[in-house]
Amino acid sequence: MPGFGWGTAAEQRFNVNLSILFTELPLLERPAAAAAAGFTAVELWWPWVDSPTPERSELDALKRAIEDAGVRLTGLNLYAGRLPGPDRGALSIPGEESERFRANIDVVADFAEALGCEALNALYGNRVEGVDPAEQDALALENLVLAARAADRIGAILLIEALNRPESPRYPLVSAPAAVGIVDKVNDATGLGNARFLMDLYHLSMNGEDLPSVIERYASKTGHVQIADNPGRGAPGTGSLPLEDLLGRLRKAGYDGWVGLEYKPGDRTGAEAFEWLPAEARAARRTP
């Protein structure tokens, strides 16, 4: 696997998404595995896909696993339905799913606060057949306002992510402008200014967007970056995305936040999934 340029890697702050990497291990073993591979920070999708309000014992066990591993939780998704699976969020889905999202907000905020996590990601949700998109968008804004206020309560930002149309054809935010438009609406509604764009370079590339232009236009509104190569959503160096150049452009545009590793490891598991990244570059060099 081609290596990543040392100059780029040394200047980034990488974290590992434990919902797509180290998944050969039980959830509670993954933070320690990330630490053993040299990383100091992790992020997670909502781990309990069937429960927005898990038992306190489950939350406490995950908190202990993260603390005992000595890693920092830097990002956490709010409840998003069956993910991985057919769902792409719950906050714009009328009825029970919206209610489950609302029940999850304070659970996530309290868990994040206890671990010093300062970024919460709210996936928008798919379009529902037979439901007026305007009705879904109004519900989404209501729920995102609630989430933004909860994030503000713990000193965190609320992330809103664009996905890609080929893999998520019913998800309405399939471009950077669409996601940033929602960011602006949430900030206008709350006056808090803590809603930010989650720039996933894999998803945007799958949409055929001009990534240098996206970076130039939206780096200032970006609260988190995630990467995987394209095609294939594999590790950097397995596809043709110029990730080294793109991350360099982000730095020059003023982005100095976390870069989440959210790629499929393929047949490489554990530490082998990170051979592209020099071990010295895995620990965060700087504090946020």
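Note that the numbering runs from 1 along the sequence shown for the chain.
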K.L.:
Closest heavy-atom contact between A178 and P172?
P.N.:
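Closest pair (atom of A178, atom of P172, distance): CB-O, 4.3 Å.
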
K.L.:
Can you name the closest pair of heavy atoms from A156 and A119 and give their distance?
P.N.:
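Shortest heavy-atom separation between A156 and A119 comes out as CB-N, 4.1 Å.
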
K.L.:
Could you pull out all residues at least two apart from N143 that satisfy side chain to side chain donor-acceptor pair (under 3.5 Å)?
P.N.:
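With neighbours one apart ignored, the set is S98, R102.
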
K.L.:
Rounded to the nearest 0.5 Å, how far apart are OH of Y171 and OG of S92?
P.N.:
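Y171 atom OH to S92 atom OG measures 8.0 Å (nearest 0.5 Å).
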
K.L.:
Taking the side chain as C-beta and beyond, is there a heavy-atom pair between T74 and V42 under 4.5 Å?
P.N.:
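They are not in contact (no side-chain heavy atoms under 4.5 Å apart), so the answer is no.
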
K.L.:
Taking the side chain from N121 and the backbone from L76, do they hold a donor-acceptor pair closer than 3.5 Å?
P.N.:
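Not confirmed, N121 side chain does not pair with L76 backbone.
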
K.L.:
Between R170 and D87 (salt bridge meaning N to carboxylate O under 4.0 Å), is one present in this structure?
P.N.:
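So R170 does not pair with D87 through a salt bridge.
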
K.L.:
Is the closest side-chain heavy-atom distance between P54 and W46 below 4.5 Å?
P.N.:
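When only atoms from C-beta onward are counted, W46 and P54 do touch, with a gap below 4.5 Å.
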
K.L.:
List the atom of L250, the atom of A219, and the distance in Å for their closest heavy-atom pair.
P.N.:
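Closest approach of L250 to A219: CD2-CB, 4.3 Å.
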
K.L.:
Return the minimal non-hydrogen interatomic distance between I154 and A109, and the atom names on each side.
P.N.:
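Distance-wise, the nearest heavy atoms are CD1-O, 3.5 Å.
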
K.L.:
Taking the side chain from E118 and the backbone from G155, do they hold a donor-acceptor pair closer than 3.5 Å?
P.N.:
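Not a single qualifying donor-acceptor pair exists.
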
K.L.:
Looking at R13 and D256, would you say the former's side chain and the latter's main chain have a donor-acceptor pair under 3.5 Å?
P.N.:
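Indeed, once roles are kept as given, a pair shorter than 3.5 Å links the two residues.
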
K.L.:
Enter the distance from N194:CG to I157:CD1 here, rounded to the nearest 0.5 Å.
P.N.:
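The distance works out to 8.0 Å.
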
K.L.:
With ring centroids as reference points, do F39 and F22 lie under 6.0 angstrom apart?
P.N.:
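No.
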
K.L.:
Is it true that I182 and L139 fall in one hydrophobic cluster, defined by side-chain heavy atoms closer than 4.5 Å?
P.N.:
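No: no chain of side-chain contacts under 4.5 Å links I182 to L139.
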
K.L.:
Which distance, rounded to the nearest 0.5 Å, do you find between the CG of L18 and the CZ of R30?
P.N.:
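Those atoms lie 7.0 Å apart.
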
K.L.:
Any donor-acceptor pair under 3.5 Å linking the side-chain atoms of Q226 with those of H203?
P.N.:
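Side chains of H203 and Q226: no pair found under 3.5 Å.
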
K.L.:
Per the side-chain contact (heavy atoms from CB on, under 4.5 Å) rule, which among L44, L83, L120, N104 passes with N77?
P.N.:
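When L44, L83, L120, N104 are each tested with N77, the side-chain contact (heavy atoms from CB on, under 4.5 Å) holds only for L83.
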
K.L.:
How many angstroms lie between atom CG of L201 and atom CG of L247, to the nearest 0.5 angstrom?
P.N.:
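Those atoms lie 6.5 Å apart.
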
K.L.:
Rounded to the nearest 0.5 Å, how far does CG of L192 lie from CZ of R149?
P.N.:
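Rounded to the nearest 0.5 Å, the CZ-CG separation comes to 7.0 Å.
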
K.L.:
Determine whether V214 and D210 make a side-chain contact, defined as any pair of heavy atoms from C-beta on separated by less than 4.5 Å.
P.N.:
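When only atoms from C-beta onward are counted, D210 and V214 do not touch, as no gap falls below 4.5 Å.
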
K.L.:
Would E262 and W45 count as a side chain to side chain contact (heavy atoms under 4.5 Å, CB included) if you check the C-alpha gap in whole Å, the side-chain angles of each, and the deciding distance to 0.1 Å?
P.N.:
CA-CA 10 Å; E262 196 186 57; W45 302 341; 2.8 Å; yes

K.L.:
Please evaluate residues R72 and I66 with respect to the criterion side chain to side chain contact (heavy atoms under 4.5 Å, CB included), reporting the C-alpha separation (whole Å), side-chain torsions for both, the decisive distance (0.1 Å), and the verdict.
P.N.:
CA-CA 7 Å; R72 178 178 172 189; I66 292 169; over 6 Å; no

K.L.:
Enumerate the salt bridge (Lys or Arg N to Asp or Glu O under 4.0 Å) contacts for residues 155-169, please, sequence neighbours excluded, ordered by first and then second residue.
P.N.:
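Non-adjacent pairs meeting salt bridge (Lys or Arg N to Asp or Glu O under 4.0 Å): zero.
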
K.L.:
Could you state whether L261 and L243 fall into the same hydrophobic cluster, counting links through intermediate Ile, Leu, Val, Met, Phe, Trp or Tyr residues with side-chain heavy atoms under 4.5 angstrom apart?
P.N.:
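Yes: a chain of side-chain contacts under 4.5 Å links L261 to L243.
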
K.L.:
Tell me, with the steps shown, if Y124 and R88 meet side chain to side chain contact (heavy atoms under 4.5 Å, CB included).
P.N.:
CA-CA 7 Å; Y124 198 83; R88 297 292 186 272; over 6 Å; no

K.L.:
So, do P47 and S19 sit near enough that their side-chain heavy atoms are less than 4.5 Å apart?
P.N.:
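Side chain of P47 against side chain of S19, heavy atoms only: no contact under 4.5 Å found.
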
K.L.:
Considering residues at least two apart in sequence or located in another chain, which fulfil the side-chain contact (heavy atoms from CB on, under 4.5 Å) criterion with V131?
P.N.:
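Testing V131 for side-chain contact (heavy atoms from CB on, under 4.5 Å), a comparison that skips the adjacent residues, returns P94, V128, E135, Q136.
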
K.L.:
Do other residues, nucleotides or ligands put more than 12 heavy atoms under 6.0 Å from the CD atom of E216?
P.N.:
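Counting other residues, nucleotides and ligands, CD of E216 stays at 12 neighbours or fewer.
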
K.L.:
Find out whether L78 and L158 are in side-chain contact, i.e. whether some heavy atom of one side chain is under 4.5 Å from a heavy atom of the other.
P.N.:
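Counting from C-beta outward, L78 and L158 do come under 4.5 Å.
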
K.L.:
Can V49 be reached from L62 by stepping across I, L, V, M, F, W or Y side chains whose heavy atoms are under 4.5 Å apart?
P.N.:
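Each belongs to a different hydrophobic cluster.
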
K.L.:
What's the shortest heavy-atom distance between V225 and Y255, and which atoms?
P.N.:
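Looking at all heavy atoms of both residues, the shortest contact is N-OH, 3.3 Å.
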
K.L.:
Are L141 and L159 in one and the same hydrophobic cluster, where Ile, Leu, Val, Met, Phe, Trp and Tyr link if side-chain heavy atoms are under 4.5 Å apart?
P.N.:
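No.
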
K.L.:
Is there a salt bridge (Lys or Arg N to Asp or Glu O under 4.0 Å) between R82 and D50 once you walk through the steps?
P.N.:
CA-CA 7 Å; R82 291 162 295 172; D50 296 322; over 6 Å; no

K.L.:
Taking all non-hydrogen atoms of both residues, which atom of T190 and which atom of A148 are closest, and how far apart?
P.N.:
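It is CG2-CB, 4.1 Å.
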
K.L.:
Could you tell me whether the side chain of I227 reaches within less than 4.5 Å of the side chain of Y263, counting heavy atoms only?
P.N.:
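When only atoms from C-beta onward are counted, I227 and Y263 do not touch, as no gap falls below 4.5 Å.
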
K.L.:
Can you list everything that forms a salt bridge (Lys or Arg N to Asp or Glu O under 4.0 Å) with E96? Sequence neighbours excluded, please.
P.N.:
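With sequence neighbours excluded, E96 shows a salt bridge (Lys or Arg N to Asp or Glu O under 4.0 Å) to R100, given in chain and number order.
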
K.L.:
Checking one residue: Y202. Which other hydrophobic residues are in its cluster under the side-chain 4.5 Å linking rule?
P.N.:
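M206, which link up through side-chain heavy atoms under 4.5 Å apart, make up the rest of the cluster.
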
K.L.:
For the side chain of N207 and the backbone of L163, is there at least one donor-acceptor N/O pair under 3.5 Å apart?
P.N.:
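Judged by distance alone, yes, a pair lies under 3.5 Å.
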
K.L.:
Atom CD1 of I20 and atom CD of E43: how far apart are they, to the nearest 0.5 Å?
P.N.:
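The CD1 atom of I20 sits 10.0 Å away from the CD atom of E43.
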
K.L.:
Would you say R249 and D245 make side-chain contact, with heavy atoms under 4.5 Å?
P.N.:
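Sidechains of D245 and R249: in contact.
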
K.L.:
Please determine whether salt bridge (Lys or Arg N to Asp or Glu O under 4.0 Å) holds for the pair D68 and R64, giving the CA-CA distance in whole Å, both sets of side-chain angles, and the decisive distance to 0.1 Å.
P.N.:
CA-CA 6 Å; D68 290 349; R64 281 195 306 273; 5.6 Å; no

K.L.:
Not counting sequence neighbours, list each pair that qualifies as a salt bridge (Lys or Arg N to Asp or Glu O under 4.0 Å) and has a residue in residues 173-198.
P.N.:
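For residues 173-198: D184-K221.
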
K.L.:
Linking I/L/V/M/F/W/Y whenever their side-chain heavy atoms sit closer than 4.5 Å, directly or via other members, would L198 and Y218 fall into one cluster?
P.N.:
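Different clusters: L198 never reaches Y218 through Ile, Leu, Val, Met, Phe, Trp or Tyr contacts under 4.5 Å.
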
K.L.:
Pair M199, L211 - check side chain to side chain contact (heavy atoms under 4.5 Å, CB included), show working.
P.N.:
CA-CA 10 Å; M199 184 186 293; L211 298 182; over 6 Å; no

K.L.:
Check whether any side-chain heavy atom of P31 lies under 4.5 Å from a side-chain heavy atom of V71, and answer yes or no.
P.N.:
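Yes, their side chains come closer than 4.5 Å.
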
K.L.:
Any side-chain to backbone donor/acceptor pair from D229 onto G237? Under 3.5 Å, distance only.
P.N.:
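Checking the backbone N and O of G237 against the side chain of D229, a donor-acceptor pair under 3.5 Å is found.
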
